[in-house]
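Below is one structure, written out as structure tokens; the observations come after it.
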Amino acid sequence: MHDIKRLRQHADEVKAAIARKGFDADVNSALALDERWRDLTKQGDELKAELNPASKAIGIAKKAGNDAQAEMDKARGIREQAAELDDQKRDLKAELETILLSWPAEPDSIVPDGLTEKENVVVREWSPGEDEPDFELKDHLALAEELGILDMPRGAKVAGGGWPLYVGTGARLERSLINYMLDIQTGEHSYKELAVPFAVNRESVLGTGQLPKLEEDMYLVDKDDLFLIPTSEVPITNLHRGEIVNGDDLPLQYTAYSACFRREAGAYGADTRGLLRVHQFNKVELVQIVKPDTSDTTHEEILSHATTILERLNLRYRILDLCCGELSFAAARCFDIEVWAPGTKSWLEVSSVSNFRDFQARRLNLRFRGEAKKPELPHTLNGSGLATSRLMVALMETYQTPEGRIRIPADLKSYMGGLDQISGA
RNA sequence: GGAGAGGUGGCCGAGUGGUUGAAGGCGCUCGCCUCGAAAGCGAGUUUGCGGUGACCCCGUAACGUGGGUUCGAAUCCCACCCUCUCCGCCA
């Protein structure tokens, strides 16, 4: 959410910054509502300032046994006026909130211009330095179905299209990846592991900024008004919602595995073969809550925490500096990590590492007590570290053998019970 | 799902209509004392909003949340949420 005080002073800047994301913010309506609200607040407070001492005087008079009917009638009149103003104020405030909550975060000034993926900037590419094999590479779906480790038709039978069903060593590989990534992030990068709810309430999704924009992209359990989490960013970042945390405890670093659920509404025509775009996938998420002056450094750190995994698995990847239009609603800056899938012959997004500045913190009413007299807003950041389904695609396609088997990367062998390669389910 | 108890500041806990943003204690901060510390003594110690983008100050709001009654609500009424205990059901 945007700072109303900043908006009052720098409305043009705010409007211009949001416009870089392709969003036309009706700044004037917001300011008009705010001005009326402030005006009514002033009037209301003045009335109450009159009312409160009058009520006290009535109390004293009645205690002394004096009649105070005239004063009571007068006080009632004032109270009715004040109540009238309160009602108007509430409506104005609600209207203003609705508007402000619908505005995306301002992108950082260094974020590249542009509204489509064409304007994303490749900032770095990494490769293990091995040539691609010279035999005909299969894509992950062909490989996995022939091995029997992925059964999309039966997934469709029990749930629907785009609900993957892993079988045997495929399921084991999925679980291994999750454990492997969690072990690195908790053991080497000092994140505290959480096991979070996979469903969250409306307040939580509003806090991290999936609502109001992405309501149609999430699964809603209507009966309980709960959303299946699209990412564990939501439960993790909401942990300290409404709290004032001790500044000495920052940075707070959390990681959690979770299943992630996405309706992928409107994704028709996009890459949907096999595991490329599914309704449920697994992800290890990294979240940090930090002091504002350190968030740029933290952003780079989280990026390296995510890429570590790919480098140890010897998977080729590249990093994109997302342009304004490609940034998510709440993000001020974001690096995407894309892994190379040699069979599919495309770059697959396996992580988004975002800095939200104080945008989420303000929505969450999340503050910390630091040197300043008043509580301050921290910056929140997160990154996937990583998402398994597309990682699985790259892994299977990269490690395939001419016989259609899948070698197990050295780091994963112990997690796979010493298995060298997958030759069947 | 049923029955009961309960939600008050960083924490414990008092407060069942009146001058209570809230007793008391703990904790914390500062000062005195001390070679230093402890103990003791004294003072301070919530947040939002508006005036006014800072300080001070002033006003206002907040005792789970939202409504209501009243001149006046932490206190009375209604609804909801959450926690705990017991029962039922179930992994």
Side-chain angles (χ1 to χ4, degrees), chain A residues 1-14 27 30-97 100-101 106 195 197-207 221 223-227 235 238-250 252 259 292 358 361-378:
Chain A
M1 190 155 67
H2 294 266
D3 180 5
I4 187 70
K5 288 174 184 166
R6 172 168 153 73
L7 188 68
R8 284 172 195 155
Q9 297 299 317
H10 305 288
D12 292 343
E13 274 178 40
V14 174
V27 166
L31 286 175
L33 286 167
D34 177 55
E35 197 167 333
R36 281 191 60 206
W37 179 84
R38 273 192 291 169
D39 188 42
L40 293 183
T41 298
K42 198 177 170 188
Q43 289 181 41
D45 283 358
E46 280 166 4
L47 282 175
K48 287 171 191 167
E50 195 178 336
L51 184 66
N52 289 340
S55 289
K56 283 180 185 173
I58 292 168
I60 293 166
K62 293 196 84 164
K63 218 167 208 177
N66 299 328
D67 174 68
Q69 194 56 47
E71 288 80 1
M72 282 164 62
D73 290 345
K74 192 183 164 204
R76 180 186 285 122
I78 299 172
R79 167 49 63 116
E80 276 164 6
Q81 283 181 60
E84 171 90 8
L85 291 176
D86 281 346
D87 286 346
Q88 289 181 43
K89 269 177 64 181
R90 193 180 319 154
D91 293 347
L92 287 172
K93 194 77 178 172
E95 205 179 329
L96 180 60
E97 285 261 295
L100 289 181
L101 285 170
E106 296 177 48
F198 288 2
V200 291
N201 56 31
R202 203 165 270 279
E203 234 181 322
S204 294
V205 233
L206 192 67
V221 184
K223 203 170 183 181
D224 300 293
D225 206 31
L226 290 173
F227 292 90
N238 272 276
L239 271 193
H240 298 288
R241 161 155 52 84
E243 296 180 15
I244 299 174
V245 301
N246 189 335
D248 295 335
D249 293 340
L250 300 184
L252 289 165
D358 62 13
R362 187 173 291 105
R363 289 179 159 236
L364 293 161
N365 192 23
L366 164 60
R367 291 165 294 169
F368 74 96
R369 187 172 303 282
E371 300 303 309
K373 196 162 190 172
K374 289 191 170 189
E376 306 168 64
L377 293 169

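It should be emphasised that the depicted structure is a prediction, and the values quoted were computed from it without experimental measurement. So you know, we letter chains A, B, ... as the sequences are listed, proteins then strands, and number each from 1.
Place A:Gln69 and A:Lys5 on RNA chain B by their nearest nucleotides, and A:Lys5 ends up nearer the 5' end. Between A:Pro375 and A:Ala57, it is A:Ala57 whose nearest contact on RNA chain B lies nearer the 5' terminus.
Residue A:Leu377 is tested with A:Leu364, A:Asn365, A:Leu366, A:Asp358 for a side-chain contact (heavy atoms from CB on, under 4.5 Å); the sole match is A:Asp358.
Under a 4.0 Å N-O distance rule, the pair A:Lys48/A:Asp86 qualifies as a salt bridge. The pair A:Glu35-A:Arg8 does not count as a salt bridge, with every side-chain nitrogen at least 4.0 angstrom from each carboxylate oxygen. Of the charged side-chain nitrogens involved, none lies within less than 4.0 Å of a carboxylate oxygen, so that A:Asp39 and A:Arg36 do not count as a salt-bridged pair.
Heavy atoms of other residues, nucleotides or ligands lying less than 6.0 angstrom from CD of A:Glu243 number more than 12. For A:Lys74, the NZ atom is loosely surrounded, since the number of other residues' heavy atoms within 6.0 Å does not exceed 12.
Rounded to the nearest Å, the gap between the C1' atom of B:rA23 and that of B:rG13 is 10 Å. Rounded to whole Å, the C1' atom of B:rG2 lies 36 Å from the corresponding atom of B:rG9. The same atom, C1', is picked in B:rU52 and in B:rG59; the two are 13 Å apart, to the nearest Å.
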Can you pull every protein N or O that's under 3.5 Å from an N or O on nucleotides 55-57 of chain B?
from: B:rC56; atom 1: OP1; to: A:Lys373; atom 2: NZ; distance (Å): 2.3

So which protein nitrogen or oxygen atoms get under 3.5 Å of nucleotides 58-61 of chain B's nitrogens or oxygens?
from: B:rG59; atom 1: N2; to: A:Asp45; atom 2: OD2; distance (Å): 3.1
from: B:rU60; atom 1: OP1; to: A:Asn52; atom 2: ND2; distance (Å): 3.2
from: B:rU60; atom 1: O2'; to: A:Asp45; atom 2: OD1; distance (Å): 3.1
from: B:rA61; atom 1: OP2; to: A:Asn52; atom 2: ND2; distance (Å): 3.4

### Message
Could you write out RNA chain B as dot-bracket? Rules: Watson-Crick or G-U wobble, both distances under 3.5 Å, brackets [ ] for crossings, | for pairs with another strand, dot for unpaired.
### Response
((((((((.[[[..)..(.....]]]((((((.......))))))((((((.....)))))).[[[[[..)....]]]]])))))))....
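For the pair A:Arg362 and B:rG48, the criterion of a side-chain N or O lying under 4.0 Å from OP1 or OP2 is not met. Residue A:Arg8 places none of its side-chain N or O atoms closer than 4.0 Å to OP1 or OP2 of B:rU52. Residue A:Arg38 has a polar side-chain atom (N or O) positioned under 4.0 Å from OP1 or OP2 of B:rG51. Under 4.0 angstrom from either OP1 or OP2 of B:rG48 there lies at least one side-chain N or O belonging to A:Arg367.
Taking both residues in full, the closest heavy atoms of A:Leu85 and A:Leu40 are given as CD2-CD2, 3.7 Å, listed atom of the first, atom of the second, then distance. Heavy atoms only, all atoms of each residue included: A:Arg363 and A:Met1 are closest at CG-N, 3.2 Å. The two residues A:Pro292 and A:Pro378 have their closest heavy-atom pair at CD-CA, 4.5 Å. Minimum interatomic distance between A:Asn238 and A:Ser204 (heavy atoms only, all atoms of both residues): ND2-O, 2.9 Å. Scanning both residues, A:Trp37 and A:Lys93, for their nearest heavy atoms gives NE1-CD, 3.6 Å.
A:Glu35 places its CD atom 12 Å from the P atom of B:rU52, with the value rounded to the nearest Å. As rounded to whole Å, 15 Å separates atom P of B:rU47 from atom CD of A:Glu243.
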### Task
Just do the side-chain hydrogen bond (donor to acceptor under 3.5 Å, both in side chains) check on A:Asn52 and A:Ser55 with the steps written out, would you?
CA-CA 5 Å; A:Asn52 289 340; A:Ser55 289; 5.5 Å; no
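Contacts of A:Gln9 with the nucleic acid, taken as non-hydrogen atoms under 4.0 Å apart, include base atoms.
Checking B:rC71, B:rU46, B:rG50 against every side-chain atom of A:Ser55, the shortest atom distance belongs to B:rC71. Between B:rG67, B:rC71, B:rG50, one nucleotide has an atom nearer to the side chain of A:Arg90 than all others, and that is B:rG67.
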